[in-house]
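Everything below concerns the one structure shown next.
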There are 2 protein chains.
Amino acid sequence: MVTEREFLDGYDPRAYPAVAVTVDVVTLTIRDGVLHVLLVERGEQPFAGRLALPGGFVREETLDEAALRELAEETGILPRVHLEQLTTFGDPGRDPRMRVVSVAYLAFAPRLPDPNVGGDAAAARWVPVGDATGLAFDHDRVLAAGLERARAKLEYTPLATAFVDDEFTIAQLRGVYTAVWGEEPHAGNFHRKVLSVPGFVEDTGATTSRGGERGGPRSRLYRAGGARILHPALLRPNPQEQ
Amino acid sequence: MVTEREFLDGYDPRAYPAVAVTVDVVTLTIRDGVLHVLLVERGEQPFAGRLALPGGFVREETLDEAALRELAEETGILPRVHLEQLTTFGDPGRDPRMRVVSVAYLAFAPRLPDPNVGGDAAAARWVPVGDATGLAFDHDRVLAAGLERARAKLEYTPLATAFVDDEFTIAQLRGVYTAVWGEEPHAGNFHRKVLSVPGFVEDTGATTSRGGERGGPRSRLYRAGGARILHPALLRPNPQEQ
DNA sequence: TACCGTTCTTCTCAGTTCGAGTTTATCTCA
DNA sequence: TGAGATAAACTCGAACTGAGAAGAACGGTA
């Protein structure tokens, strides 16, 4: 039994059962209107051949820095990504070989390039979240936590702007909500709401150079406003129980 | 440099710089209408004599179990507490002696007994959150994260019912919001809202045996309903920027 | 015992927001 | 040139919110 007191007295930490601390990153982006997650294929046991979230050991760095580094190693240069801590998973037995405590992170980015830029990440690829099941370790749970967090944060933060380019149309923003929520908001009400929430978007004055592929007028271009939270919130039609 | 590949090949984990994993618990309760947090006084360096959040090493148990165990050691038997994971803090240097990654937990409980029941927790005590500054390590940050989480969760979950007894009055529930938000909701509107949100509370049919200390009619008694989220939410007057 | 102040509970009412649908103008493609 | 599609604005009833007030029940005190 190890008490805090022993620890504070300078008890040699190497005498304890070793614990490894890693970060796992749930990276989401939208490609062709479908929400995708970045996964890597495992080469070794356990779970060889299975898909897993990218991740790795925490070094002499903050947890945030570790997550950013792992992400950069998988995807090459990172444009502007939103990164936030999600949940920490540490059940004994989640890795069959030793105690591993994993700090999960959630990242959002606008249409990232195909991975395979980094070193040991040749097997990394984007997978539609609907197809991302049967992942290694407890990564199904981690991904589920990330998705639910993303869905909830769209409601009360301007997070959707992290999925689109610097300048975007209201329709593109609506596409983010559609992809993440799996349900298309009412176009007219969405438009009214986005423009009425203070600080959500700001008008650039410019418009797109042409209309939509199937017709329609040119649409106005906006950029992200300064708000950190949306007030009032943009609620989804059917909030999840849980 | 330690890569994931080396780890997966069975690299000896004891060769790594040791990392300790602990849990710290932000335990909140309301006493005499004031929000209190459970703190312990540190006996040793560093931060000897300073107040800190209770916490300790994670053993052969899940993180949730570790948090519950630490809480039980500080407060004795636990009636019904709500416990949830908060954030993980792992900056290098947050503990001056070695790398410590702390998984912070948030606990809510109805008027807990005075601590000093457990073993090494003779110095544990309830402190009004307004007085809980200058804590050891980075516990000021941890506490701040816990408070903001608590404030936000009162809006969209029935968490307030975790602060009161099994049977409670609307006024007692309103007292929870007042203590946590630092602002008293409009009594009439609060009453209407609580009764209108499905699953927040259910009527017991009973009333209190006498009126308030300074007069007023007996009030009806309710118990917590089955809802996990409040819809529509009970928004605070002035949501925080951040 | 009668009264006063307090509190619970319900009600009122105007302003705001929301969901659903419609209208108008603009644009692409055939 | 016409058909279909879309952006943006508008309409309207329902629902919700904030602020205040009314009525009833109760504890303490004169």
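Naming convention: chains lettered A, B, ... in sequence-line order (proteins, then strands); numbering from 1 in each chain.
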_B/F190: partners by ring pair (Phe, Tyr, Trp, His ring centres under 6.0 Å), with sequence neighbours left out_ = B/Y177

*Got a second to check how far A/E74's CD is from A/L39's CG, nearest 0.5 Å?*
10.5 Å

*asked:* Once side chain to side chain donor-acceptor pair (under 3.5 Å) is applied, do any residues pair with A/R94, and if so which ones, sequence neighbours excluded?
replied: A/S102, A/D138

*How would you list, by chain and number, every residue that makes a ring pair (Phe, Tyr, Trp, His ring centres under 6.0 Å) with A/Y105, sequence neighbours excluded?*
none

*Side chains of A/V37 and A/L53: does their closest heavy-atom pair fall under 4.5 Å?*
yes

*State plainly whether the residues B/E184 and B/R174 are in salt-bridge range, i.e. N to O under 4.0 Å.*
yes

_Estimated bend of the helix from C/dT1-D/dA30 to C/dA30-D/dT1 (axis per five terminal pairs, rounded to 10 degrees)_ = 10°

*Should B/T208 and B/T169 count as side-chain neighbours, where that means a heavy-atom distance under 4.5 Å?*
yes

*asked:* Using the side chain to side chain contact (heavy atoms under 4.5 Å, CB included) definition, which of the options A/L28, A/V180, A/V34 pairs with A/V129?
replied: A/L28

*asked:* Once you apply a heavy-atom cut-off of 4.0 Å, does B/R220 come out as touching a base, just sugar-phosphate, or nothing?
replied: sugar-phosphate

_Need to verify one output field. Residue with the more 5' nearest nucleotide on DNA chain D, A/G188 or B/N189?_
A/G188

_Salt bridge present between A/E148 and A/R236 (N-O < 4.0 angstrom)_ = yes

*Within residues 166-175 of chain A, residues whose heavy atoms come under 4.0 Å of DNA chain C*: none

_Residues forming a ring pair (Phe, Tyr, Trp, His ring centres under 6.0 Å) with A/H186, sequence neighbours excluded_ = none

*asked:* Categorize B/R218 for me: base, sugar-phosphate, or nothing, with a 4.0 angstrom heavy-atom threshold over every strand shown.
replied: sugar-phosphate

*Going 5' to 3' along DNA chain D, which nucleotides are the first and last within contact of chain A (any atom under 4.0 Å from a heavy atom)?*
D/dG4 to D/dT11

*asked:* According to side chain to side chain contact (heavy atoms under 4.5 Å, CB included), who are the partners of B/D140, at least two apart in sequence or on a separate chain?
replied: B/L135

*In residues 206-217 of chain B, which residues come under 4.0 Å of DNA chain C by heavy atom?*
B/R214, B/G215, B/G216, B/P217

*asked:* Using the side chain to side chain contact (heavy atoms under 4.5 Å, CB included) criterion, which residues pair with A/E65? Sequence neighbours excluded.
replied: A/E61, A/T62

_Leading and trailing nucleotides of DNA chain C with any atom under 4.0 Å from heavy atoms of chain B_ = C/dG5 to C/dT12

*Cationic N near anionic O, under 4.0 Å, B/R69 to B/D64*: no

Identify all side-chain donor-acceptor contacts of residues 156-164 of chain A below 3.5 Å with residues at least two apart in sequence or on another chain.
residue	atom	partner	partner atom	Å
A/T157	OG1	A/K153	O	2.6
A/T157	OG1	A/L159	N	3.3
A/T161	OG1	A/P158	O	2.6

*Is it true that B/R223 and B/D165 have a side-chain N and a carboxylate O under 4.0 angstrom from each other?*
no

